[in-house]
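Below is one structure, written out as structure tokens; comments come after it.
The shown structure was predicted, so the numbers you read here are calculated from the model rather than taken from an experiment. Reminder, nothing fancy here: chain letters follow the sequence lines and each chain counts from 1.
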Amino acid sequence: LFRNNVVDDDLIEELEEILYTADMGVATVSWLMDLVNKNRSQFKSGDDVKLFLKEKIREVLVQTYKPFPELTEKPTVFLMVGVNGAGKTTTIGKLAHKFIAQGKVPVLAAGDTFRAAAVEQLKVWGERNNCTVISDKDGADPASVAFNAVNSAVSKGADVLLVDTAGRLQNRVNLMEELIKINRVIGKAKEGAPHETIIVIDANNGQNALTQAKQFSEAVKVTGIIVTKLDGSAKGGVLIGIAKELGLPVYLVGVGEKIEDLRPFDPNEFVDALFE
Amino acid sequence: QLTDKLEATFKKLRGVGKLTEDNIKDGIRELKLSLLEADVNFKVVKELVEKVKERALGTEVAKSINPGQMFIKIFHEELVAMLGEGDHSLNLNVRPPAIILMAGLQGSGKTTTAGKLAFLLKNKMKKRVLLVPADVYRPAAIDQLKTLAAKIDVDVYPSEVGMDPVDIAVKSVEYGKNNVADVIIIDTAGRLQVDEEMMDEIENIKKAVEPSEILFVADAMTGQEAVNVAAEFHKRLSITGVVLTKMDGDARGGAALSINAATGAPLKFVGMGEKIDQFEVFHPERIAGRIVG
Ligand SMILES: Nc1nc2c(ncn2[C@@H]2O[C@H](COP(=O)(O)OP(=O)(O)OP(=O)(O)O)[C@@H](O)[C@H]2O)c(=O)[nH]1
Ligand SMILES: Nc1nc2c(ncn2[C@@H]2O[C@H](COP(=O)(O)OP(=O)(O)OP(=O)(O)O)[C@@H](O)[C@H]2O)c(=O)[nH]1
Ligand SMILES: [Mg+2]
Ligand SMILES: [Mg+2]
């Protein structure tokens with residue numbers, strides 16, 4: 001048990017409460033508290049320790065930081081993946097808006113052929129953005145929708161293709177197999193595609209988000225994260241563990257349900273919010 | 001595996017005579033970490049561990065008993081007591097139509113659960129159900145519920161975008177009475193507990209139609225904020241039951257304990273998949289076992 005005048009039981013308790021309730025998880029909190037212990041002689045006040053912790057967390061996030069990718073291919077293909085209800089379809093609607101604002105032409109692929117009114121939902125986002133939505137009838141093979149969408153986007157000369165997929169839990173083997181197939185078929189339609197595979201993570205999730213990131217990364221080549229619902233009270237501390245263990249960058253954050261509610265991820269803002 | 005860790009920790013307590021503050025210290029720590037890893041809220045963990053400690057201290061350790069197993073037994077009992085308390089059945093004991101109101105954060109599974117509940121009530125309890133889409137905001141939310149209703153051949157109120165959700169709720173009760181519905185299930189938009197306007201809206205729906213059952217629908221993967229979210233929904237609505245969705249995933253589901261601690265509302269149902277029949281009545285021992293890990 002570490003102790004000096006500053007780092008006493010009360011401070012440890014206070015810090016643990018801040019760190020745990022931000023959803024950082026046992027591994028991240030243990031790592032941080034070990035660092036506090038090793039450096040305990042340098043702290044003159046509780047605020048010193050908090051600044052130290054903020055800096056350590058910031059370092060991790062800055063190390064894995066990558067800005068939202070440039071469109072380097074025509075079309076650059078984005079595959080959107082994640083568990084049920086995370087915000088994939090809504091995020092695609094927001095991304096289309098973002099690309100249009102940059103003068104780019106997006107095409108959307110309604111790759112969720114399973115859930116009730118999933119295609120209709122994406123079509124509304126297509127209308128709001130006045131952009132094409134490639135879809136098929138309910139129950140169609142999602143891989144074939146993706147395949148057709150790539151070919152459509154290529155022939156239209158679109159700048160970017162955003163492929164929506166059905167929500168799936170990472171432990172459901174058959175659903176992960178389906179995702180692997182979608183990914184492979186996209187590659188068949190255009191070599192090198194998908195160029196970005198983004199996992200959409202709900203900020204309300206606890207440690208399961210780390211398992212999600214790990215297992216989705218094992219199935220397909222996840223290149224980045226978009227974290228949603230940060231306009232709520234959840235802090236998303238699990239992103240630190242994900243950064244440390246998987247090195248995945250957080251490209252953007254969702255801060256609401258409207259088309260413009262998508263912002264770049266700012267490690268400094270994020271760290272400050274963790275301690276508010 | 002917590003059970004293995006605790007057994008190892010407590011191995012040295014064999015024949016120690018009594019459980020003391022000092023000799024259970026490590027076991028308490030293991031328990032705390034395991035609950036935190038299961039996403040149980042930090043403050044809830046503290047309270048629960050304190051309860052277990054109180055019960056465990058001074059307990060006689062009979063020579064034949066493995067102290068670790070006894071410690072686990074006490075803990076397991078506390079969990080099951082917490083989760084098992086209250087009436088876990090649906091409250092339909094009112095003059096028909098009984099009204100069920102769905103509430104929760106965005107994407108938690110309300111619309112899907114409304115469909116599952118309608119399916120269960122129709123097939124298992126032979127009830128005549130009316131599904132009511134009161135989410136006028138999310139693109140195709142009304143379509144989503146209408147599609148589910150059509151699939152299971154259950155009546156659905158003809159909501160349209162642009163209608164007011166409180167108005168939909170009130171009119172749907174009239175519609176339900178005219179169509180001899182036994183149960184009316186009102187699906188609402190996902191909302192943040194910190195969104196004053198939206199919380200006012202759902203409170204107004206409740207005041208307007210006086211549901212006999214207000215179900216808080218929560219995602220099994222929810223982390224630490226489960227306490228604050230549930231507490232606010234409970235403060236506004238006095239929730240009568242909880243549904244934990246996506247339990248077919250591998251989340252430990254500690255949110256169940258957090259929500260229980262914050263609201264005291266009984267956990268009534270568990271969502272076990274995307275399909276309309278993947279819906280189970282809650283079993284406290286199963287949830288407890290899963291949280292323990
Ligand atoms: N407050 C808030 N809500 C969000 C955000 N992103 C998405 N949502 C909401 O979350 C809910 C689920 O969003 P969807 O886009 O349907 O999620 P999904 O991942 O496509 O869901 P499935 O396809 O069913 O797996 C909707 O009510 C969205 O409006 C966000 O950043 N903030
Ligand atoms: N695997 C699994 N998926 C579920 C379960 N319950 C709901 N879902 C899925 O979770 C996603 C979100 O479900 P919805 O019913 O749209 O959630 P919602 O709460 O109505 O969302 P909003 O209206 O946007 O707040 C969908 O993909 C559902 O199929 C469950 O028990 N298991
Ligand atoms: Mg979707
Ligand atoms: Mg809904």
Side-chain angles (χ1 to χ4, degrees), chain A residues 13 16-27 29-30 83-90 93 114-125 127-128 138 166-172 175 202-209 211-212 215 228-229 231-238 256-257, chain B residues 32-34 36-43 45-46 105-109 111-112 115 137-151 189-195 218-229 232 245-246 248-255 258 273-274 276:
Chain A
E13 183 70 21
E16 284 191 351
E17 180 166 337
I18 293 172
L19 302 177
Y20 275 117
T21 57
D23 275 318
M24 289 191 203
V26 172
V29 176
S30 306
V83 301
N84 307 69
K88 299 174 292 299
T89 306
T90 306
F114 170 78
R115 205 207 71 213
V119 173
E120 285 86 328
Q121 184 185 5
L122 190 68
K123 281 185 174 168
V124 173
W125 286 107
E127 286 160 23
R128 288 178 177 180
D138 273 353
R168 69 202 67 231
L169 301 181
Q170 66 276 12
N171 58 311
R172 302 274 299 274
L175 298 179
D202 185 334
N204 290 294
N205 282 183
Q207 297 313 299
N208 194 261
T211 317
Q212 291 167 29
Q215 296 200 245
T228 60
K229 309 178 197 174
D231 47 318
S233 57
K235 305 264 174 128
V238 64
E257 302 184 75
Chain B
K32 192 163 168 248
L33 290 178
S34 176
L36 286 168
E37 277 175 342
D39 290 324
V40 181
N41 178 271
F42 185 80
K43 291 202 179 117
V45 170
K46 262 173 76 178
L105 293 176
Q106 289 87 347
S108 60
T111 305
T112 306
Y137 312 102
R138 168 174 153 158
I142 295 172
D143 291 324
Q144 187 183 359
L145 194 63
K146 283 181 176 173
T147 300
L148 291 176
K151 200 164 178 188
R191 69 203 62 225
L192 302 176
Q193 88 279 10
V194 292
D195 185 334
D219 193 322
M221 330 167 219
T222 310
Q224 297 283 311
E225 277 304 296
V227 160
N228 294 334
V229 176
E232 186 60 24
T245 63
K246 309 175 201 174
D248 46 312
D250 54 18
R252 295 265 295 275
S258 303
E274 288 123 320
I276 203 110

Counterpart residues, side-chain hydrogen bond (donor to acceptor under 3.5 Å, both in side chains), relative to A:Lys235 (two or more places apart): none
Going by heavy atoms in the side chains, are B:Glu232 and A:Ser233 under 4.5 Å from each other? no
A:Glu17/B:Lys43 salt bridge by N-O under 4.0 Å criterion: yes
Nearest 0.5 Å, what's the OG1-CZ distance between B:Thr147 and A:Arg115? 9.5 Å
Interface moiety of A:Val238 toward chain B, non-hydrogen atoms closer than 4.5 Å: neither
Does A:Asn204 reach the side chain of B:Asp219, with side-chain heavy atoms less than 4.5 Å apart? no
With chain B as the partner, which of A:Thr228, A:Val29, A:Asp231 has the greatest number of non-hydrogen pairs under 4.5 Å? A:Asp231
Chain B heavy atoms under 4.5 Å from A:Glu127: which part of the residue, side chain, backbone, both or neither? neither
Smallest separation among heavy atoms of B:Lys246 and A:Asn84, with atom names: NZ-O, 2.8 Å
Where does B:Asp248 contact chain A at under 4.5 Å (heavy atoms): side chain, backbone, both or neither? both
With sequence neighbours left out, which residue pairs that include part of residues 142-151 of chain B fulfil the salt bridge (Lys or Arg N to Asp or Glu O under 4.0 Å) condition? B:Lys146-B:Glu160
Work out which heavy atom in B:Ala140 is nearest to a heavy atom in A:Ala117; give both atom names and the distance. O-CB, 3.7 Å
Using a distance-only test with no angle check, is there a side-chain donor-acceptor pair under 3.5 angstrom linking A:Gln170 and B:Asp250? yes
Counting only heavy atoms closer than 4.5 Å, note whether B:Arg138 contacts chain A via side chain, backbone, both or neither. side chain
Quick one: what part of B:Ile142 sits under 4.5 Å from any heavy atom of chain A, side chain, backbone, both or neither? neither
B:Glu274 side, atom CD; A:Arg172 side, atom CZ - distance, nearest 0.5 Å: 5.0 Å
Closest non-hydrogen atom pair, A:Ala234 against B:Glu225: CA-CG, 3.5 Å
For A:Thr211, is it the side chain, the backbone, both, or neither that has a heavy atom closer than 4.5 Å to a heavy atom of chain B? side chain
Are B:Lys46 and A:Glu13 close enough for a salt bridge, meaning some N to O gap below 4.0 Å? yes
When only pairs under 4.5 Å are counted, which of B:Ala255, B:Ala226, B:Gly273, B:Gly223 shares the most heavy-atom pairs with chain A? B:Gly223
Rounded to the nearest 0.5 Å, what's the gap from CD on B:Gln106 to OG1 on A:Thr90? Could you check? 9.5 Å
Could you check which of A:Val26, A:Leu122, A:Val119, A:Asp202 has the highest count of heavy-atom pairs closer than 4.5 Å to chain B? A:Val26
Main-chain N/O of B:Gly253 paired with A:Asn208 side-chain donor or acceptor, under 3.5 Å: no
On a heavy-atom basis, the closest approach of A:Asn171 and B:Gly249 is OD1-CA, 3.3 Å
Backbone N or O of B:Gln224 within a donor-acceptor pair of the A:Asp23 side chain at under 3.5 Å? yes
By a 4.5 Å heavy-atom criterion (distance strictly below it), what part of A:Leu19 contacts chain B: side chain, backbone, both, or neither? neither
Give the member of A:Thr21, A:Val83, A:Thr89 that has the highest number of heavy-atom pairs under 4.5 Å with chain B. A:Thr21
So, the part of A:Glu120 with a heavy atom under 4.5 Å from chain B: the answer is both
